[in-house]
2 protein chains.
Amino acid sequence: MENTELREALQSLKSTKVRMTPQRHAILEFLFDCEQHPTADEIYKALEDKFPNMSVATVYNNLRVFKDAGLVRELTYGDSSSRFDSNTSDHYHVICDDCGKIVDFHYPGLDEVETLAKHIAGFNVRDHRMEVYGTCPDCQKKLAN
Amino acid sequence: MENTELREALQSLKSTKVRMTPQRHAILEFLFDCEQHPTADEIYKALEDKFPNMSVATVYNNLRVFKDAGLVRELTYGDSSSRFDSNTSDHYHVICDDCGKIVDFHYPGLDEVETLAKHIAGFNVRDHRMEVYGTCPDCQKKLAN
DNA sequence: TTCTTATATAATAATGGTTATAAACAGTAT
DNA sequence: ATACTGTTTATAACCATTATTATATAAGAA
């Protein structure tokens, strides 16, 4: 039930001074429904049937609101635009160099790395990010031809 | 002697069809000398005394050349511009959320993560990246006031 | 050295993601 | 109803990066 997570997200927004609007609801819903990690523009395009007048700025603004509220993570890559991930639980990404596909995978216990970083660099550690890069199965087949 | 690494880099470029130009030499030298991870613009500005006519495009073009040759890594973050790291040996970064400072730190053996990703997602794994986020000692002091 | 040619540079324009601005609008409290 | 605060829309601006093109130059051949 992904709706549970969505409900929790809506609930946690209510506790702040953030107002719930139809646009916000739709953006959040889309983020929690889709299993991918869409870009702001993909979200914008996906909702243009429902909200023909919605501005791109609204998408960006609200993604920032959600990010600040800790409901959404922003993933940034070199060339293209940011992607947004509604799954803020501990997980990592495997990314295809060729087609850009992103696959989630779970791995326990990189807390040790955080601890080490804290000791070595004296940082007050908040979070970490890890990504593995390579070629996805589909692209491996394509390249084999 | 960081010059050793620079010499190796120059040598490895010579083995390809990449020509050595004064601009390229200067950019490489700057990258290997400076202990930071400069942006393209910082490199551009740092070299404008030596090369008053150098174009920004030249910096970007050559950073890409070096990246393709495996001499330099591009680090991308959310808000600002890419940073470039001449140290391609296995190391990770601790980044301050507040001031953006980047500190290198070494940590062994995340090969296991690569292996797992390979098995779980069926990827042909090439590389990985990890970063720890938090507040640096200086900013901790500042915030304590 | 000089010639040749593929490659590099510089200057500039274009691209594209993201953000700022200002006016119109909506929800809530007084 | 009125005032207030926050939101959306539309549009313009911003800024990092890339494309374009004419000119210059590195590196090997003659």
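Order of the sequence lines fixes the chain letters, A, B, ..., with proteins taken first and strands second; residue numbering starts at 1 for each chain. These numbers come from a predicted model, not from an experiment.
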Partners of B/L63 by side-chain contact (heavy atoms from CB on, under 4.5 Å), sequence neighbours excluded?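 B/I27, B/L31, B/A40, B/I43, B/V59, B/F84.
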Going by side-chain contact (heavy atoms from CB on, under 4.5 Å), name the residues that satisfy it together with A/T21, two or more places apart in sequence or in a different chain.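 With neighbours one apart ignored, the set is A/Q23, A/R24.
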Applying salt bridge (Lys or Arg N to Asp or Glu O under 4.0 Å), which residue pairs with at least one partner in [range] are found, sequence neighbours left out?
range                       : result
residues 52-61 of chain A   : none
residues 135-145 of chain A : A/K101-A/D138
residues 56-69 of chain A   : A/K67-A/E74

Distances for protein N/O vs nucleotides 1-4 of chain C N/O pairs under 3.5 angstrom?
none

Which whole-number value in Å describes the distance from [X] [atom1] to [N] [atom2]?
X     : N      : atom1 : atom2 : answer
A/L75 : C/dG17 : CG    : C1'   : 16 Å
B/E74 : D/dT18 : CD    : C1'   : 13 Å
B/K14 : D/dA26 : NZ    : P     : 15 Å
A/Y44 : C/dT18 : OH    : P     : 14 Å
B/R64 : D/dT18 : CZ    : C1'   : 7 Å
B/F51 : C/dA8  : CZ    : C1'   : 13 Å
B/M20 : C/dT9  : CE    : C1'   : 15 Å

Residue met sooner reading DNA chain D from 5', once A/P22 and B/F84 are mapped to nucleotides: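 Closer to the 5' end of DNA chain D: A/P22.
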Show me the side-chain donor-acceptor pairs of residues 49-58 of chain B shorter than 3.5 Å, one per line, residues at least two apart or across chains.
{"residue": "B/S55", "atom": "OG", "partner": "B/A57", "partner atom": "N", "Å": "3.2"}

Side chain to side chain donor-acceptor pair (under 3.5 Å) partners of B/D41, counting only residues at least two apart: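 With sequence neighbours excluded, B/D41 shows a side chain to side chain donor-acceptor pair (under 3.5 Å) to B/K45, given in chain and number order.
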Kindly calculate the angle separating the two end axes of the helix from C/dT1-D/dA30 to C/dT30-D/dA1, each obtained from five base pairs, and round it to 10 degrees.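 Here the helix ends are tilted 20° relative to one another.
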Tabulated below should be each protein N or O lying under 3.5 Å from an N or O of nucleotides 5-7 of chain D; please produce it.
{"residue": "D/dT5", "atom": "O2", "partner": "A/R19", "partner atom": "NH2", "Å": "2.8"}
{"residue": "D/dG6", "atom": "O4'", "partner": "A/R19", "partner atom": "NH2", "Å": "3.2"}
{"residue": "D/dT7", "atom": "OP1", "partner": "A/R19", "partner atom": "N", "Å": "3.4"}
{"residue": "D/dT7", "atom": "OP1", "partner": "A/R24", "partner atom": "NH1", "Å": "2.6"}
{"residue": "D/dT7", "atom": "OP1", "partner": "A/R24", "partner atom": "NH2", "Å": "3.2"}

Short heteroatom pairs, N/O only, protein and nucleotides 10-16 of chain D, under 3.5 Å:
{"residue": "D/dA10", "atom": "OP2", "partner": "A/N53", "partner atom": "O", "Å": "3.0"}
{"residue": "D/dA10", "atom": "N7", "partner": "A/S55", "partner atom": "OG", "Å": "3.2"}

Pair [X]-[Y], side-chain donor/acceptor within less than 3.5 Å:
X      : Y      : result
B/D104 : B/H37  : yes
A/E131 : A/Y133 : yes
A/Y92  : A/H128 : yes

Using the rule given for side-chain contact (heavy atoms from CB on, under 4.5 Å), can you reason through B/Q36 versus B/I102, listing the C-alpha separation, both sets of side-chain angles and the distance that settles it, and then say yes or no? CA-CA 8 Å; B/Q36 262 58 51; B/I102 303 175; over 6 Å; no
For the atom pair NE2 (B/H93) and CZ (B/R83), what is the distance rounded to the nearest 0.5 Å?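 B/H93 atom NE2 to B/R83 atom CZ measures 10.5 Å (nearest 0.5 Å).
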Summary of side chain to side chain donor-acceptor pair (under 3.5 Å) pairs that have at least one residue in residues 117-127 of chain A, sequence neighbours excluded: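 Of all non-adjacent pairs touching residues 117-127 of chain A, those that pass side chain to side chain donor-acceptor pair (under 3.5 Å) are A/R126-B/D97.
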